[in-house]
Amino acid sequence: MREVRVRFAPSPTGALHIGGVRTALYNYLLARKYNGTMILRIEDTDQTRYVPGAEAYIVESLAWAGIKIDEGVGVGGPYAPYRQSERKALYKTYAQKLVDEDHAYYAFDTEQDLEEMRKRTPNAQYDGVTRMQMKNSLTLSGKEVAQKLSVGEKYVIRLKVPGKEEIHLTDLIRGSVTVQSSQVDDKVLMKSDGMPTYHLANVVDDYLMKISHVIRGEEWLPSAPLHVLLYRYLGWEKEMPQFAHLPLLLKPDGNGKLSKRDADKMGFPIFPLNWQDPESGHVAIGYREAGYLPEALINFLAFLGWNPGTEQELFSMEQLIEAFTLERIGKAGARFDIQKAQWFNQHYLRSKSDDVLIGYLLDSLKKENIDCSQEKAKKIVAVMKERVTFPKDFWEQGKFFFTAPVSFDEQVVSKKWNDDTVKVLTAFSNEIKSGSNLIAETAKDTLEMVTSKLGIKTGHILQALRMSITGGASGPDLMITMEILGNAEVFKRIHFAIKTLKVKVT
RNA sequence: GGUCUGUUCGUCUAACGGUUAGGACACCAGAUUUUCAUUCUGGUAAUAGGGGUUCGAUUCCCCUACGGACUACCA
């Protein structure tokens with residue numbers, strides 16, 4: 001097998017889509033598995049769609065996800081530059097070579113010319129039959145062409161696709177694909193602004209950078225035959241990389257590929273990191289900011305379209321590298337199911353050390369300007385650990401550890417708040433008020449002592465007690481919660497509840 | 001419309017001619033938990049349809065249906 005050199009080649013037109021992260025991941029896994037090289041190339045040949053900040057965003061996203069770049073933008077390498085806009089002159093020489101060898105030609109058609117051509121021919125495309133009706137170096141005399149060129153008239157260079165030929169290519173995922181050349185149009189190779197199109201730049205760079213495998217989204221499959229032609233005419237067929245066209249990520253419901261709109265609608269991120277649209281200023285939430293751990297996202301993404309063939313589902317990056325093969329990538333598009341991502345997240349979150357978890361809580365508290373001792377944080381994390389999916393849950397589901405409730409769960413109030421509960425809670429609070437430092441066991445003993453004295457079942461008032469302390473109907477172990485809060489606070493909260501709720505009851 | 005491509009539980013998928021069609025997420029039920037969650041146990045649930053080939057098709061071939069991608073001087 002030849003040296004594995006793969007590239008991830010996004011264009012900096014905005015935030016990196018989550019599907020792009022998966023494409024990058026598969027490239028990376030292959031590179032690592034075979035001790036190859038992972039290259040990041042920026043395909044910024046469309047100056048009209050260039051978005052400042054997008055490149056930096058891509059670099060940061062990959063770094064966060066744990067996808068390391070060996071060569072390319074940001075790190076450099078032997079085939080620099082890795083930004084296509086900086087390689088502009090290169091493409092021109094290859095386009096010229098194609099023209100010289102009669103595999104490409106100049107075309108001077110205006111937008112209007114093209115429009116008219118499309119209108120008059122059904123299923124129109126610029127190809128072997130229509131090109132003879134157009135303004136190009138195939139229909140114009142050499143003199144005319146030279147004249148136009150010297151005057152500086154705008155032109156593009158188009159590939160001269162043969163009329164009747166079968167183009168074969170072998171895709172590592174889809175097997176052999178055959179296309180009739182008559183179905184391929186004379187694609188523009190060089191645009192009138194002097195920039196190459198994707199097709200030319202991609203092929204030239206993949207060749208020059210000695211790319212061994214082109215792993216990209218399925219949307220490129222239809223143009224792959226064109227690329228094969230380009231390799232052939234440039235004389236690089238022997239060095240042509242192997243292709244692997246990845247199945248697409250589909251909407252969670254309905255049909256079509258996953259889009260930002262679906263994500264917004266269903267309430268999950270579609271970008272790895274927060275992305276602020278430079279025009280609208282609107283910020284789209286990222287996986288990182290939503291609380292997804294990179295290892296969870298990676299594990300989740302890896303399984304969208306690939307599986308190891310065993311029943312193991314939990315994989316670290318190292319394990320993925322070990323297990324990954326292109327052969328085990330599926331053919332069908334994969335529906336995006338955020339619930340599975342959450343499950344992975346919960347798993348990876350729990351496997352973090354207590355210190356890390358405590359750090360999450362402390363981070364949240366810092367943002368809220370709340371002080372908290374290490375010991376208290378440790379206790380809270382211990383009791384909350386089994387209940388969280390995201391780092392922020394420690395704070396969001398445990399706010400009551402820091403602020404007393406101001407309102408109470410209405411269901412519990414209507415169902416469980418009655419004279420008995422008030423009786424028990426009053427007695428209980430008085431009991432602990434004077435007692436020594438509250439710990440979970442004594443809280444429990446005290447509560448049972450009070451209820452048995454009053455002849456009321458503990459179970460009946462427990463939810464009311466929780467509600468008076470936390471405001472909610474469910475939460476972590478109540479006795480431990482009270483221990484963390486301490487006598488005085490518990491007493492205060494119970495009395496506040498009795499005071500405010502009495503009005504509602506009677 | 002044309003070209004390419006795909007189709008196994010609701011979802012991600014396993015089974016590369018012979019299995020009671022397996023696993024995971026989700027869902028449901030039971031147990032544990034004085035709540036909720038966790039955890040444990042169990043359960044519901046799929047080969048798109050029709051033809052072939054074969055002793056035997058989820059698996060190979062054809063047709064149909066339904067998806068998807070592409071069809072720009074965008075990538």
Side-chain angles (χ1 to χ4, degrees), chain A residues 9-13 43-46 48-49 84 107 109-111 114 118 122-126 154-158 171 173-174 177-180 182-185 187-199 201-202 216-225 245 247-248 250-257 300 303-314 327-328 330-344 346 350 384-389 397 412 416 444 447-448 451 457-467 470 472-479:
Chain A
S11 76
T13 54
E43 311 221 324
D44 55 348
T45 53
D46 186 352
T48 63
R49 293 207 308 157
Q84 290 186 328
D109 313 281
T110 64
E111 217 170 294
L114 293 171
R118 286 180 187 123
N123 287 330
Q125 59 177 14
Y126 207 118
K154 292 261 183 203
Y155 68 91
V156 298
I157 294 177
R158 286 182 181 272
D171 185 277
I173 293 171
R174 272 147 235 285
V177 177
T178 304
V179 178
Q180 301 299 326
S182 58
Q183 300 298 332
V184 180
D185 63 340
K187 275 270 170 331
V188 170
L189 265 19
M190 291 295 288
K191 301 185 264 190
S192 58
D193 66 356
M195 276 290 192
T197 57
Y198 170 89
H199 307 289
N202 194 261
R216 83 237 285 201
E218 196 186 359
E219 68 269 27
W220 292 110
L221 192 53
S223 52
H245 289 95
L248 263 18
L250 271 21
K251 294 176 191 292
D253 62 339
N255 305 127
K257 66 174 175 182
F300 167 65
F303 271 71
L304 244 33
W306 172 86
N307 77 85
T310 65
E311 295 200 336
Q312 185 184 346
E313 304 235 27
L314 268 3
E327 293 73 47
R328 293 209 65 91
K331 294 178 166 107
R335 280 232 157 85
F336 196 81
D337 178 17
I338 198 65
Q339 284 193 107
K340 193 109 179 195
Q342 286 170 357
W343 176 77
F344 277 115
Q346 185 185 42
R350 270 189 216 163
M384 295 288 290
K385 192 176 172 175
E386 297 299 303
R387 328 176 54 84
V388 293
T389 303
Q397 294 178 26
V412 180
K416 304 282 185 179
K444 190 176 181 187
L447 182 63
E448 275 168 2
T451 50
K457 276 192 184 161
T458 310
H460 279 155
I461 54 87
L462 210 79
Q463 256 202 311
L465 175 59
R466 170 186 297 283
M467 183 205 68
T470 70
S474 64
D477 188 287
L478 225 205
M479 303 307 150

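Just so it is clear: chains get the letters A, B, ... in the order the sequence lines come, proteins before strands, and each one is counted from 1. Atoms considered below: every heavy atom in the structure, side chains included; atoms not considered: hydrogens, waters and symmetry mates.
Between R216(A) atom CZ and rA69(B) atom P the separation is 17 Å, expressed in whole Å. In this structure, the CD atom of Q180(A) is 11 Å from the P atom of rU5(B), given to the nearest Å. The distance between atom CD of E111(A) and atom C1' of rA72(B), rounded to the nearest whole Å, is 9 Å. In this entry the distance linking NZ of K251(A) with P of rG10(B) reads 21 Å, nearest Å. The interatomic distance linking L189(A) (CG) with rA75(B) (C1') rounds to 15 Å, in whole Å. Regarding Y126(A), its OH atom lies at a distance of 25 Å from the P atom of rG2(B), rounded to whole Å. Between D253(A) atom CG and rG67(B) atom C1' there is a gap of 14 Å when expressed in whole angstrom units. As rounded to whole Å, 16 Å separates atom P of rA14(B) from atom CD of Q312(A).
Considering only the side chain of A334(A), rC12(B) comes nearest among rA69(B), rC12(B), rC73(B). Distances were taken from every side-chain heavy atom of S192(A) (C-beta onward) to each of rA75(B), rC73(B), rU7(B); the shortest belongs to rC73(B). With rG6(B), rU38(B), rA15(B) as the candidates, the nucleotide lying closest to the side chain of E386(A) is rU38(B). Minimum atom distance to the side chain of E43(A) is reached by rA75(B), of the listed rG68(B), rU11(B), rA75(B). Nearest to the side-chain atoms of E219(A) among the listed nucleotides rC74(B), rC12(B), rA69(B) stands rA69(B). Across rA75(B), rU7(B), rA69(B), the shortest atom-to-atom separation from the side chain of K191(A) is found for rA75(B). Each of rC70(B), rU5(B), rA14(B) was ranked by its minimum atom distance to the side chain of R174(A); first place goes to rU5(B).
Note on K331(A): every side-chain N or O is 4.0 Å or more away from OP1 and OP2 of rU13(B).
Nearest heavy atoms, L221(A) versus R174(A): CD2-CD, 3.5 Å. Across every non-hydrogen atom of H245(A) and E218(A), the tightest pair is CB-CA, 4.2 Å. For the residue pair F336(A) and L304(A), the shortest heavy atom distance occurs at CD1-CD2, 3.7 Å.
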Dump the pairs, protein N or O against N or O of nucleotides 33-35 of chain B, anything under 3.5 Å, distances to one decimal.
from, atom 1, to, atom 2, distance (Å)
rU35(B), O2, R466(A), NE, 3.2
rU35(B), N3, R466(A), NH2, 2.5
rU35(B), N3, G475(A), O, 3.0
rU35(B), O4, R466(A), NH2, 3.1
rU35(B), O4, G475(A), O, 3.3

Any N/O pairs under 3.5 Å between the protein and nucleotides 23-28 of chain B? List them or say none.
from, atom 1, to, atom 2, distance (Å)
rG23(B), O4', E311(A), OE2, 3.1
rA24(B), O4', E313(A), OE2, 2.5
rA24(B), O2', E313(A), OE2, 3.2
rA24(B), O2', K340(A), NZ, 3.2
rA24(B), N3, K340(A), NZ, 2.9
rC25(B), OP1, W343(A), NE1, 3.4

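Distance noted for atom P between rA37(B) and rU32(B): 15 Å (whole Å). The separation of rA65(B) from rG22(B), taken at their C1' atoms, amounts to 29 Å, rounded to a whole angstrom. For the C1' atoms, the distance from rC9(B) to rC61(B) is 27 Å, rounded to whole Å. Distance check on atom P: rG50(B) versus rC55(B) gives 22 Å, rounded to whole Å. Taking atom P on both rC40(B) and rA26(B), the two are 12 Å apart, rounded to the nearest angstrom. For the P atoms, the distance linking rG2(B) with rU54(B) amounts to 34 Å, nearest Å. The same atom, C1', is picked in rU38(B) and in rU59(B); the two are 41 Å apart, to the nearest Å. When the P atom is used for both rG10(B) and rA45(B), the distance is 10 Å, rounded to whole Å.
Using a 4.0 Å heavy-atom distance criterion, V188(A) is classed as a sugar-phosphate-only contact. The residue D46(A) sits close only to the backbone: its heavy atoms come under 4.0 Å of sugar-phosphate atoms, none of a base. As judged by a 4.0 angstrom heavy-atom cut-off over every strand, R118(A) is placed among residues touching the sugar-phosphate backbone only. Within 4.0 Å of V177(A), counting heavy atoms only, lie sugar-phosphate atoms of the nucleic acid but no base atom. Contacts of G217(A) with the nucleic acid, taken as non-hydrogen atoms under 4.0 Å apart, are absent. If you check every strand for non-hydrogen atoms under 4.0 Å, K385(A) touches nothing. Nucleic acid contact class of D44(A) (heavy atoms, under 4.0 Å, all strands): none. Heavy atoms of F303(A) sit under 4.0 angstrom from primed sugar atoms or phosphate atoms, though from no base atom. At the heavy-atom level, T45(A) lies under 4.0 Å from the strands shown only through sugar-phosphate atoms.
Side-chain atoms of E313(A) do not come within 3.5 Å of backbone N or O of F344(A) as any donor-acceptor pair.
For the pair V188(A)/R158(A), a side-chain contact is recorded, criterion being any heavy-atom separation below 4.5 Å from C-beta on.
Around CD of Q312(A), the count of heavy atoms belonging to other residues, nucleotides or ligands within 6.0 Å exceeds 12.
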